[in-house]
Amino acid sequence: MNIYKYTLKLFTAAFSLSMLSVSGQFTITNPLTTKDMTGIRVGDNAYLTAANGVDPNGAGWLRLTEATTNQKGYMYVLQGFPTTLGVVADFEYKDWRNVYDGYFGADGFSVYLFDANVTDANFKLGGYGGSLGYATYSNPAGTTGLSGGYLGVGLDAYGNYANDGENRHGSAPANTLTSGMLPNAFVLRGPTSSTYNNSNVYLTSAPLGNRSGTVDDIRQRNEIDYNTITATRPADNIFYRRVQVIITKPGNDYVVTIKWRKENQTTFTQVLSYTLSSTTYPIPSNLKLGFAASTGGGFNFQEIRNIILTTPGNLRVDSRSDSYFTCNDNTSNITFKVEVSNDTDAALNSIDFNGKVADDNNNVLDLSKFSITSLSTTGFTNSNLPTSGFTSNNISGTVGLAAKSSGIITVTGKYYKKGIGTNRNFRMVSTVSSNQITDTDTTNNTAVTAIEVRRCSVISNPMLPAYSK
């Protein structure tokens, strides 16, 4: 007699791509939580923690560096995207360490956008150390920046990315630097040039948090990284960072806006806005997105997940789930978080929301397989969505959002293990629309977060240990 065990694995339509090249509409998502490396290139010390057994499959991260000295790692998305309508690059990260390093964490990481015409064979990073994989470097001399780089957003924990050390070009104003450094800051550097002296010039920066005291006083505050030594990755309610890099073209020039959200916050805070001259810095017609990180004498685990790339200035929705389960669960509590964003300049008081928990054929699950138990909302100006008493796994109603704001719908339910066959999945499918606006991009009006039901072991004798399948 065989006894089958099952596990549930989260994925978010990875790697999901929806693009209409004529209009420039696109949506690309990847949670980076599984073993699946489809659609990404990973190099040097970077790896998916779910693929290396560090985290369960479905609960992983892209780890760019270990918390050890002299590491470097990178990843970029293979699919390019058009820049006709601008771009929103959205991601979550953790930056932490499990041992004392003597430097209060280092170095940091970069989010970079580069010309999609650069082939995989011709791709190369900029310098490591304070150049964070994007900017120029002096060792070896004359190392130019990242191939085809257009914009390098540094999330600098240690503080060197904003200065002109190692022959980086340009530096933050002296009055913003502490001992010649700018720790705990967002820093922008510009395009890569074939002329070394013009490559990756300093553009602007946004120092974060309390800037009093010595450079080490600033470094050890919890802004870019988490500075309490911890044996395990800090939970979201302890340290959480979600970042949005937004490029728009409201006139002749491009505007780069950076927002982030921290633990226990439901709204984004703008930390930086910078105008790029379209004459000085013309944007390529197609870009790709990537991340790089480095350590030196100081170090951190530097990790990324839940990438979303899409167009700005419209109504959109995304969803995710941090739920994960072991093989022994007969029933499992599941939580989906669905975020509706109104990126327009108009307040919308009538956004139609439709959600359902469905099987992999998009059929709504009956209550013997899954049952929604509660729903809550935050951030909306109005909502008539039901909050209890669910008689099906369908949700419909309207919500309202102020201009340039977002709201979160939290859906909680219970999954029954025997309800769905192995190697299949159930999913939260969320759709938004509004007749109050002309939506410029409908590719981001539907979000799917799916959880796969896998047979993970077979026990031919209950007294014997399980083995993997």
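- Checked against Glu303 for a salt bridge (Lys or Arg N to Asp or Glu O under 4.0 Å), the options Lys94, Arg97, Arg233 give a single hit: Arg233.
- Under the 6.0 Å cut-off for aromatic ring centres, Trp61 and Phe301 do not qualify, their centroids lying 6.0 Å or more apart.
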Exercise. Salt bridge (charged side-chain N to carboxylate O under 4.0 Å, His left out) between Arg316 and Asp441: does it pass, once the steps are laid out?
Worked result: CA-CA 8 Å; Arg316 57 188 174 88; Asp441 184 359; over 6 Å; no
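- Side chains of Asn227 and Gln220: no donor on one and acceptor on the other come within 3.5 Å.
- Rounding to the nearest 0.5 Å places CG of Leu113 at 5.5 Å from CZ of Phe81.
- Shown are Tyr134, Tyr93, Tyr128; of these, the ring pair (Phe, Tyr, Trp, His ring centres under 6.0 Å) with Phe109 is made only by Tyr93.
- The shortest side-chain heavy-atom distance between Thr442 and Gln25 falls under the 4.5 Å cut-off.
- Of the charged side-chain nitrogens involved, none lies within less than 4.0 Å of a carboxylate oxygen, so that Lys337 and Asp236 do not count as a salt-bridged pair.
- With hydrogens and angles left out, the side-chain atoms of Thr195 and Asn197 include no donor and acceptor closer than 3.5 Å.
- When the options Tyr76, Tyr150, Tyr74, Phe291 are evaluated for a ring pair (Phe, Tyr, Trp, His ring centres under 6.0 Å) with Phe114, the one that passes is Tyr76.
- Side chains of Ser138 and Asn167: no donor on one and acceptor on the other come within 3.5 Å.
- Thr192 places a side-chain N or O within donor-acceptor distance of the main-chain N or O of Leu146, the cut-off being under 3.5 Å.
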Solution key, residues 65-73 side-chain donor-acceptor pairs under 3.5 Å, sequence neighbours excluded:
residue: Thr65; atom: OG1; partner: Asn300; partner atom: O; Å: 2.8
residue: Thr65; atom: OG1; partner: Gln302; partner atom: NE2; Å: 2.9
residue: Glu66; atom: OE1; partner: Arg63; partner atom: NH1; Å: 3.2
residue: Glu66; atom: OE2; partner: Tyr47; partner atom: OH; Å: 2.6
residue: Gln71; atom: OE1; partner: Glu66; partner atom: N; Å: 3.1

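- Side chain to side chain, Gln244 and Asp90 meet the donor-acceptor criterion of an N or O pair below 3.5 Å.
- Ion pairing between a basic and an acidic side chain is recognised when a charged N comes within 4.0 Å of a carboxylate O; Glu339 and Arg320 show no such pairing.
- Environment of CG in Asn264: crowded, with over 12 heavy atoms of neighbouring residues, nucleotides or ligands closer than 6.0 Å.
- With a 6.0 Å radius and a threshold of 12 heavy atoms from other residues, nucleotides or ligands, Tyr103 has its OH atom at or below the threshold.
- Atom OG1 in Thr275 sits 6.5 Å away from atom CG in Asp253 (nearest 0.5 Å).
- Screening Asn444, Asn445, Asp343, Thr344 for a side chain to side chain donor-acceptor pair (under 3.5 Å) with Asn314, the sole residue that qualifies is Asn444.
- One distance of note links CG of Leu203 with CZ of Arg189; it measures 8.5 Å at 0.5 Å rounding.
- Lys404 NZ: more than 12 foreign heavy atoms inside a 6.0 Å radius.
- In this structure, OG1 on Thr311 lies 11.5 Å from CD1 on Ile246, to the nearest 0.5 angstrom.
- Looking at Leu132 and Asp107, their side chains come closer than 4.5 Å, going by heavy atoms from C-beta outward.
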